[in-house]
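Here the structure comes first, spelled out in structure tokens, and everything after it is commentary.
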Amino acid sequence: MEFPILLVVIIALALIFDYINGFHDAANSIATIVSTKVLTPFQAVLWAALWNFAAFFIAAYIIGEFKIGNTIAKTVNENFITLEVIFSGLVAAIAWNLLTWWFGIPSSSSHTLIGGFLGAALMHAFMMDYHDVAAAQPALGTWETVKEAFSQVTRQSVVKFDKVIPIFLFIFMAPIIGMIISIIITLIIVHLYKKSNPHKADQSFKRLQLASSALFSLGHGLNDAQKVMGIIGAALIYYHVEMLQDPVYLNIPAAERFDFFAEHYLWVPLVSFLAIGLGTMSGGWKIIKTMGTKITKVTSLEGVSAETAGAITLFITDHFGIPVSTTHTITGSIIGVGLTKRVSAVRWGITVSLLWAWVLTIPISAIVAGITYLLVTFFS
């Protein structure tokens, strides 16, 4: 089967984004294990990459489904998905990811991708309505046509809010859950080990960090690789339904098409998990410094607590099919271990800067994607 050139470009761009996501988010998995000197940076990225890729086998053969990928593919009403929409969203996501990586800002690759997808779809719907209004009411001025088109967009359910609202809520919920769990784990560990020899206890926690960082990397792979898989899935489903008019896909209820795609295009999740693992191996040293030392100084005990709390949070959200930011999750967990010492142990200036980056990620990605869509349609 020969794919259209734009579809091939989309798949390639999605995997490039996945790779960038890996080195952009490498800090999430290895910052604490590097800052506590359990592993060297090179050893740590290899360790994290291994578990990123291992997550594919967990999702495919143990869990048996890709819930987060399914959610991502359905954040936009299928009537407003085109290859141009998906392409524009990916370009915006890659641009924002590279910009935040360059400045060492731990923003969310996940929300960048979602924001880009939503922004491009909304611009697509707006432009269709603008042309319809202009054709139906040629006497209207430009501004009146824009207002009428915008009014129509708000009534068209372009965005599937049942999928998107939980994603927005978990921008804040994921770090809070991670923070609470890390506080609880830290307090339990401190209580259990309060009479232990400090040196022996520290050595034990350094060994345990290998396990906790592996768990978090597993959760990172489960969560983030599926998002790219969801975008590729949306493109391939559009190709089969709208371009090929494939009777196999047309006869499947829309709600079940993603599961069918995942079963018949198993190479898509395989390469998605592989790409994020390769990206993690490339590392992201600027962000590692922010995550590992600037938010709060982390000991091996606290590293175990933060990574375990982050992993538990990611496993919970994966179970419910809610895409979350691994960056937000581990940041909340690291803040939690800082709070068990004292409130001033957390460098709140850095934390507030991170919060602004999180809040702005989706709207900025959406705006860039909308502009990109206009340029793509203008030149095509």
Side-chain angles (χ1 to χ4, degrees), residues 1-15 17-18 56 59-61 63-90 113-114 116-129 131-132 135 152-153 155-167 225-273 321-323 369 373 376-377 380:
M1 179 187 299
E2 285 192 15
F3 292 148
I5 292 174
L6 185 56
L7 179 56
V8 174
V9 170
I10 285 170
I11 293 171
L13 277 179
L15 294 176
F17 174 85
D18 206 12
F56 164 76
Y61 301 110
I63 298 173
E65 57 184 326
F66 299 93
K67 289 183 180 179
I68 288 177
N70 199 349
T71 299
I72 292 293
K74 293 174 181 174
T75 52
V76 170
N77 186 322
E78 57 271 12
N79 295 323
F80 299 96
I81 295 175
T82 68
L83 295 185
E84 290 80 9
V85 164
I86 297 170
F87 173 80
S88 302
L90 279 169
L113 188 63
I114 293 164
F117 193 23
L118 296 178
L122 286 166
M123 183 59 77
H124 171 63
F126 172 78
M127 292 307 298
M128 285 199 305
D129 290 336
H131 290 305
D132 288 345
Q152 288 191 23
V153 169
R155 299 192 297 267
Q156 286 179 314
S157 300
V158 179
V159 176
K160 290 191 174 180
F161 287 103
D162 61 320
K163 301 290 184 183
V164 172
I165 288 175
I167 296 172
Q226 287 194 53
K227 293 162 188 169
V228 166
M229 172 195 170
I231 291 294
I232 296 174
L236 283 167
I237 290 168
Y238 171 83
Y239 169 66
H240 279 278
V241 173
E242 301 295 336
M243 299 179 74
L244 290 184
Q245 296 286 303
D246 186 341
V248 176
Y249 275 80
L250 289 171
N251 291 328
I252 298 171
E256 299 174 14
R257 284 173 185 158
F258 186 85
D259 291 333
F260 182 81
F261 146 79
E263 183 180 344
H264 289 81
Y265 280 96
L266 193 60
W267 62 267
V268 172
L270 179 65
V271 297
S272 297
F273 282 83
I322 302 171
Y373 177 81
V376 168
T377 53
S380 61

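All values derive from a computational prediction rather than experimental measurement. Excluded from the calculations below are hydrogen atoms, water molecules and symmetry mates; all remaining heavy atoms, backbone and side chain alike, are included.
Annotation: ring-ring contact (aromatic ring centres under 6.0 Å, His included) contacts of Phe273 (sequence neighbours excluded): Phe56. Under the rule for a salt bridge (Lys or Arg N to Asp or Glu O under 4.0 Å), the partners of Glu78 that lie at least two apart in sequence or sit in another chain are Lys160. Judged as a ring-ring contact (aromatic ring centres under 6.0 Å, His included), and not counting sequence neighbours, Phe87 has no contacts.
Here the closest heavy-atom approach between residue Phe258 and residue Gly233 is recorded as CE1-CA, 4.3 Å. Residue Gly89 comes nearest to Ala120 through the heavy atom pair N-CB, 4.0 Å, listed as atom of the first residue, atom of the second, then distance. The heavy-atom pair separating Thr75 from Val164 by the smallest distance is O-CG2, 3.8 Å. Residue Ala14 comes nearest to Ile232 through the heavy atom pair CB-CG1, 3.6 Å, listed as atom of the first residue, atom of the second, then distance. For the pair Lys67 and Glu65, the tightest heavy-atom approach, listed with the atom from each and the gap, is CE-OE2, 3.0 Å. Considering all non-hydrogen atoms of both residues, Thr71 and Pro323 come closest at CG2-CD, 3.7 Å.
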Point to revise | side chain to side chain donor-acceptor pair (under 3.5 Å) between Asp129 and Gln156, worked out | key: CA-CA 10 Å; Asp129 290 336; Gln156 286 179 314; 3.1 Å; yes
Exercise for review: Go through Asp246 and Tyr239 one step at a time and tell me if the side-chain contact (heavy atoms from CB on, under 4.5 Å) criterion holds.
Suggested key: CA-CA 9 Å; Asp246 186 341; Tyr239 169 66; over 6 Å; no
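For the pair Thr377 and Met123, the minimum side-chain heavy-atom distance is 4.5 Å or more. For the pair Val85/Phe80, no side-chain contact is recorded, criterion being any heavy-atom separation below 4.5 Å from C-beta on. Side-chain atoms of Leu266 and Leu270, non-hydrogen and from C-beta on, never get closer than 4.5 Å to each other. Here the side chains of Val268 and Phe261 are in contact, with some heavy-atom distance below 4.5 Å. A 4.5 Å side-chain heavy-atom check between Leu236 and Phe3 finds at least one atom pair inside the cut-off. Side-chain contact between Val241 and Leu250 is present, with heavy atoms from C-beta onward closer than 4.5 Å. The closest side-chain heavy-atom distance from Ile68 to Ile322 is not below 4.5 Å.
If you look at Phe260 and His240, their ring centroids are not closer than 6.0 Å.
Trp267 and Tyr265 have perpendicular rings, their planes meeting at more than 60° on a 0 to 90° scale where under 30° would count as parallel.
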